[in-house]
Amino acid sequence: MNDPMSAPEKSRGSLSLGLRCLLLLILILAVVVFASRMVTYHQLSQQKDQLLDQKEAYEEQIKRAEYDMNDSIDYDDIIRIARERFNLAFPDDTVIYSGQGVQP
């Protein structure tokens with residue numbers, strides 16, 4: 001009736017259940033940490049792409065500025081710069097507005 005082997009088996013079974021719960025908790029924490037790190041990685045990846053796009057735009061601006069500064073500027077270059085940067089036009093030019101507040 002009172003079996004001496006049944007008591008250690010019960011404690012071993014409860015220890016096994018406790019160990020299972022601990023391992024499950026560690027697994028859940030690992031998944032949560034992994035998911036949060038993946039979200040952070042994705043955000044940083046998007047920020048990197050945006051910064052690379054900005055870098056390319058700045059490099060293009062630098063190339064244009066170097067071209068405008070280093071080469072001798074002739075009359076056609078002056079007209080091009082006035083039209084592109086300052087939206088200027090000759091008095092006899094026909095100017096068409098888009099109606100959206102932005103001049104062509």
Side-chain angles (χ1 to χ4, degrees):
M1 299 213 189
N2 205 355
D3 190 10
M5 296 298 276
S6 63
E9 289 177 10
K10 286 183 183 179
S11 66
R12 191 180 328 148
S14 65
L15 179 65
S16 177
L17 179 62
L19 186 59
R20 287 183 208 159
C21 289
L22 179 65
L23 290 175
L24 182 62
L25 179 66
I26 291 172
L27 179 66
I28 291 172
L29 287 174
V31 169
V32 168
V33 169
F34 176 76
S36 67
R37 296 295 180 188
M38 286 303 295
V39 168
T40 304
Y41 173 77
H42 183 66
Q43 290 172 348
L44 290 175
S45 177
Q46 286 179 341
Q47 185 180 9
K48 176 186 153 195
D49 292 340
Q50 291 172 353
L51 290 174
L52 286 174
D53 292 340
Q54 286 179 354
K55 177 186 170 194
E56 290 174 5
Y58 289 143
E59 286 176 348
E60 183 64 31
Q61 287 179 354
I62 290 171
K63 286 180 185 177
R64 279 189 134 178
E66 287 175 349
Y67 172 78
D68 291 342
M69 292 179 70
N70 291 337
D71 291 340
S72 62
I73 297 178
D74 59 355
Y75 183 72
D76 293 331
D77 288 334
I78 292 172
I79 293 174
R80 181 183 52 81
I81 292 169
R83 288 182 190 268
E84 288 178 0
R85 292 195 183 157
F86 303 112
N87 295 323
L88 297 177
F90 285 110
D92 59 341
D93 284 347
T94 304
V95 179
I96 301 172
Y97 292 101
S98 64
Q100 298 177 358
V102 179
Q103 295 180 4

List for me each residue that meets salt bridge (charged side-chain N to carboxylate O under 4.0 Å, His left out) alongside R80, sequence neighbours excluded, and say none if there are none.
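For R80, the residues satisfying salt bridge (charged side-chain N to carboxylate O under 4.0 Å, His left out) (neighbours in sequence not counted) are D68, D77, E84.
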Which residues pass the salt bridge (charged side-chain N to carboxylate O under 4.0 Å, His left out) test with K63, sequence neighbours left out?
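Testing K63 for salt bridge (charged side-chain N to carboxylate O under 4.0 Å, His left out), a comparison that skips the adjacent residues, returns none.
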Once side-chain contact (heavy atoms from CB on, under 4.5 Å) is applied, do any residues pair with A89, and if so which ones, sequence neighbours excluded?
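A89: side-chain contact (heavy atoms from CB on, under 4.5 Å) contacts with D93, V95.
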Just to verify, what does I79 make a side-chain contact (heavy atoms from CB on, under 4.5 Å) with, not counting sequence neighbours?
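For I79 the side-chain contact (heavy atoms from CB on, under 4.5 Å) partners, ignoring immediate neighbours, are Y75, R83, F90.
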Using atom types as modelled, flag every donor-acceptor pair under 3.5 Å from a side chain in residues 25-36 to any protein atom, sequence neighbours excluded.
from	atom 1	to	atom 2	distance (Å)
S36	OG	V32	O	3.4
S36	OG	V33	O	2.8

Under 3.5 Å, which donor-acceptor pairs link side chains of residues 41-54 to any protein atom two or more places apart or in another chain?
from	atom 1	to	atom 2	distance (Å)
H42	NE2	Q46	NE2	3.1

